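Data first, discussion second: the structure below is written as structure tokens.
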Amino acid sequence: MKHELESEQQYLDLLYRRVEAQRAEVTDQLARTRRSDADGPADLLDRDTRVARLQERARALDHAEHGLCFGRLDRQDGSTTYIGRMGLRSADLEPLLVDWRAPAAADFYTATARSGSGVVRRRHLRTRGRTVVGLNDELLGDGHQDSTFVGEGALMEALTAERTGRMHEIVATLQAEQDEIIRSSPDGVLVVQGGPGTGKTAVALHRTAYLLYTHPTIAERGVLVLGPSPTFLDYIHDVLPSLGETHAVLATVDSLVPGIIATRAELPATATVKARPVMAQLVAAAVRDRQGHQGNRAGQGSQGGVTFTYQGDDYRLTTAVLDHAVERARHVGYPHNVARHTFRTTVLDHVVELVLAREQALYDSTDSGFEEEISRLDRALARGEDHLPAKVEGAGTEVTGLAARHEAPRLRRELTADPAFARVLDDLWPVLTPESLLEDLLTDRSRLARAAAGLLETHEQQALLRPAGAGWTSGDVPLLDEAAELLGEDESVREANAQAQREAGIRYAQRVIAASGGGMAQAVSAEELAGRFAERDTRPLAERAAADRSWAYGHVIVDEAQELTHMQWRMVLRRVPSGSMTVVGDVHQASAVAGTTSWAELADQFGHRRWRHTELTISYRTPEPIMAAAHELLRTLHPDATAPVCARSTGEKPWVRTTRGDLAAEVGAAVVNEMAQLDGTFAVIVPPERLVEYAMATELAVPGTTFGPDARTDGASGCVVLTPLQAKGLEFDGVLVVDPAAILAGGTSSGPSNSSALYVAMTRPTTRLGILCGPQVPEELVHLV
Ligand SMILES: Nc1ncnc2c1ncn2[C@@H]1O[C@H](COP(=O)(O)OP(=O)(O)OP(=O)(O)O)[C@@H](O)[C@H]1O
């Protein structure tokens, strides 16, 4: 064994020498590239691109410091392959280390004694920094038995390690069922169901790294990874960078519309209405309601239509005229703000005709009047009268605006420039932003009633109404996205955005010129350089994608996917026109008001997109006694549900205690007691309505406790207090659940999902679980007493 360790150490030393040589090369190239003269903007851009590429390589090499090489395969034919987190070749291009994602590494995760892969030994290397500290061998040749897990020793060591509050990569110990999902084709939608702790999140993130590495078309557009909360995103934040991947955007569904922050909570009844498919129709109806009508319909005459004054004369646009213009504008099939041009042009054409017709009529009447006057004059002169009839005077000035078709262009210009007429047109087909459309809709009872006619009951409309300026909720975000699709961007909005971007570009170019020394200032102006930057957007892909609502990603990963509502799915599907998605979740953990309780329900949602379903069956987080307790609870809800197999079959049974006194007074002592039993991270999970109260009680006993959506889960604060929803997807060494009866009774969800909230809470710990009840243990937990 000693000899084996020494020989592996020698190989690892060789690998690190190679890393060092590459690092020196990259550092040298970086310095030379940065020093190199750039003769003009094109050169400067090339230089920037090369620097960015070298920096990325340098970062990847930095990640080599931990777990560079973690495996080795020995084959029947005597060949040996080392597996690691990146590929390395010798100076003469001989492969030294195979990237875990390469096809040549697949056997490391899947070879068994009977798989016929030709692998006779799989070795897991355990390293600390640059030192080999241990190894585990599995013999897979003829006559050998497979163990339950791939690299069982290394796996158990990873699973029993104290949690840091941050998820980390698991490339060294991925299991066969996980590897199969990671490497599965990106085509269509892959749905992965798995109980708590079965590695869904871990698998989803490793699949992201795999797809970015293996599929250039996906890498070109990046991957969007959606998680349930900012705390969760923080928890998984390090995994992809540690795998050397930067082309992924981590986000929550609430943050998918740039510039919108959902700050407000709302009642479950309102959230339920906003999640329904019919809301897409409501938004469309709200847009139609803004087309061809005056903003305030009360302003329209009883026969409909609109009147306005132009140069002292009153004109009327009849309902028929407006309907025709609306019809034409809708017919072009563009979004509202773009189709506006057609509407305006049609109305303008009609008004030009009206004005011309009126001028013509005036001319005609003046003309016939003039002839009459002449004969009157003749008659007067024949009678020898001294004075000309007064009416003829000034007749010439009346007809100076003589109407003629060639006058139309002038008239059109004048009408366009007329502020009163512009107001009429704006009112009839206003430029709308998603925010203005939704704000108007949700704050105006009669507007809402018009749009919702035939779609929503009165009580549902009532649930949607809110005061002006109240702020956005999570349920509003998909509606804003829906609206953005239907409205499009008006030219003036587009131009304003482009101008803002140009100005930001010029500021950036000024900084680049200043940083590159005086020489560049003579060679190129900031404006010129900004123009070149704009031609080739040099921002990192993830940054560009995150800032662009309409960015088309190469692949989308949805974690805790059971929580998404119908309207949120619509928004997510727009981000990935190719339909390439991985959807992971656990329908038994669904707690959102309108989440998914059966994956089959989603088939409709994905429509024509091909989708397939698979399952993860082993829980790596939760030890058997805790899983058994949680599963009993789950069975009260889903009698047929099967519990995942636990990778760790031993562990402490969870404890349950009742208290007759004030629960808040008991919490502090219970937390202190529990935290004394273990090292690592600790969470208190409480009913939402008592979060602050229990957090204060915990803080008194454990100073530095954080709570709520911004709680720090990295263990730095010692203890966090969360609601079940906030604890989604997270894990802790120890968990104390407080007041399960209140969790079961309500909060933000209703019906069976409350049991799943408690189920989520009970499946967060890796080691210890305590449950502190009021005077009685709820029926659902009596099996634990
Ligand atoms: N093959 C593995 N090797 C080592 N650790 C693993 C492995 N698979 C999963 N784990 C660990 O198990 C824990 C649970 O994984 P993860 O959070 O991905 O599960 P999950 O299915 O998403 O859970 P939940 O449904 O509760 O959100 C994590 O600490 C993860 O690192």
Side-chain angles (χ1 to χ4, degrees), residues 67 70-71 100 108-110 124 126 136 148-182 192-208 225-229 231-233 235-236 238-239 242-243 557-563 582-591 614-623 626-627 630 634 643-648 680-681 683 685 713 724-733 735 756-757 759-767:
F70 50 79
W100 65 277
F108 183 71
Y109 302 107
T110 55
H124 277 80
R126 297 204 304 285
N136 296 85
T148 318
F149 297 108
V150 174
E152 198 157 342
L155 176 69
M156 288 308 151
E157 194 172 316
L159 298 186
T160 47
E162 193 179 292
R163 294 311 197 254
T164 60
R166 289 288 176 123
M167 185 173 239
H168 53 84
E169 46 81 10
I170 54 165
V171 271
T173 55
L174 282 171
Q175 297 299 300
E177 69 173 15
Q178 297 177 324
D179 181 75
E180 198 184 330
I181 292 170
I182 290 168
V192 183
Q193 158 67 33
T198 50
K200 297 182 296 295
T201 301
V203 165
L205 292 171
H206 286 72
R207 177 160 165 78
T208 304
V225 179
L226 292 171
S229 65
T231 310
F232 175 85
L233 297 183
Y235 165 63
I236 64 168
D238 296 340
V239 178
S242 76
L243 293 171
I557 302 262
V558 187
D559 200 347
E560 302 288 347
Q562 73 281 353
E563 302 299 322
T582 307
V583 167
V584 309
D586 180 5
V587 284
H588 297 144
Q589 294 182 55
S591 57
T614 184
E615 217 162 308
L616 285 169
T617 57
I618 299 162
S619 178
Y620 300 93
R621 172 193 305 135
T622 319
I626 296 179
M627 182 56 90
L634 181 65
V645 175
C646 293
R648 286 183 294 151
T681 56
I685 304 183
T713 57
L725 205 61
Q726 289 160 354
K728 275 245 141 107
L730 305 179
E731 66 183 21
F732 305 89
D733 290 296
V735 168
S756 51
Y759 179 63
V760 168
M762 288 174 69
T763 50
R764 297 307 97 197
T766 67
T767 310

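Because the structure is a prediction, the values reported are computed rather than measured. Atoms within each ligand, like the ligands themselves, are counted from 1 in listed order.
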Parallel, tilted or perpendicular, as decided by the 30° and 60° cut-offs, for the rings of Y109 and F70: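 Rings of F70 and Y109: tilted, as their planes differ by 30° to 60°.
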Mode of D559 contact toward ligand 1 - side chain, backbone, both, neither (heavy atoms, under 4.0 Å):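 No part of D559 is near ligand 1 at this cut-off.
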For ligand 1, the portion of L174 having any non-hydrogen atom under 4.0 Å away: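 L174 to ligand 1: backbone contact only, side chain stays beyond 4.0 Å.
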Closest protein heavy atom to [atom], given as residue, atom name and distance to 0.1 Å:
atom                    : value
atom 27 (O) of ligand 1 : E560 OE2, 3.1 Å
atom 25 (O) of ligand 1 : K200 NZ, 2.6 Å
atom 3 (N) of ligand 1  : T173 OG1, 2.7 Å
atom 31 (O) of ligand 1 : I170 CG2, 3.7 Å
atom 23 (O) of ligand 1 : G197 N, 2.9 Å
atom 17 (O) of ligand 1 : R621 NH2, 3.2 Å
atom 19 (O) of ligand 1 : G199 N, 3.1 Å

For [X], counting its heavy atoms only, list the atoms of ligand 1 lying under 4.0 Å from any of them.
X    : value
Q589 : 25 (O)
A202 : 18 (O)
E731 : 13 (C), 14 (C), 28 (C), 29 (O)
M167 : 16 (P), 17 (O), 18 (O)

Spatial distance of atom CG (D586) from atom CD (E615) [nearest 0.5 Å]: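 CD of E615 is found 9.0 Å from CG of D586.
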From H206 atom NE2 to E169 atom CD, the distance as rounded to the nearest 0.5 Å: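 Nearest 0.5 Å value for the NE2-CD distance: 5.5 Å.
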Min N/O separation Y620 to ligand 1 under 3.5 Å: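 Checking ligand 1 against Y620, no N or O pair falls under 3.5 Å apart.
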Polar contact flag for Q178 and ligand 1 (N/O pairs, less than 3.5 Å):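 The answer is yes, given that Q178 and ligand 1 share an N or O pair closer than 3.5 Å.
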Are side-chain heavy atoms of [X] and [Y] found at a separation under 4.5 Å?
X    : Y    : answer
Q726 : T231 : no
M167 : F232 : no
P644 : M627 : yes
V584 : V203 : no
Q178 : I618 : no

Can you tell me if [X] contacts ligand 1 (heavy atom of the residue under 4.0 Å from the ligand)?
X    : value
G194 : no
K728 : no
L159 : yes
D586 : no
A172 : no

Intermediate values then yes/no, side chain to side chain contact (heavy atoms under 4.5 Å, CB included), E157 and N136: CA-CA 11 Å; E157 194 172 316; N136 296 85; 5.7 Å; no
Cationic N near anionic O, under 4.0 Å, E560 to K728: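 Salt bridge: no.
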Test log, rule side chain to side chain contact (heavy atoms under 4.5 Å, CB included), inputs Y620 and L155: CA-CA 9 Å; Y620 300 93; L155 176 69; 4.2 Å; yes
Atom CD of E152 with >12 non-hydrogen neighbours under 6.0 angstrom: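 Result for CD/E152: enclosed.
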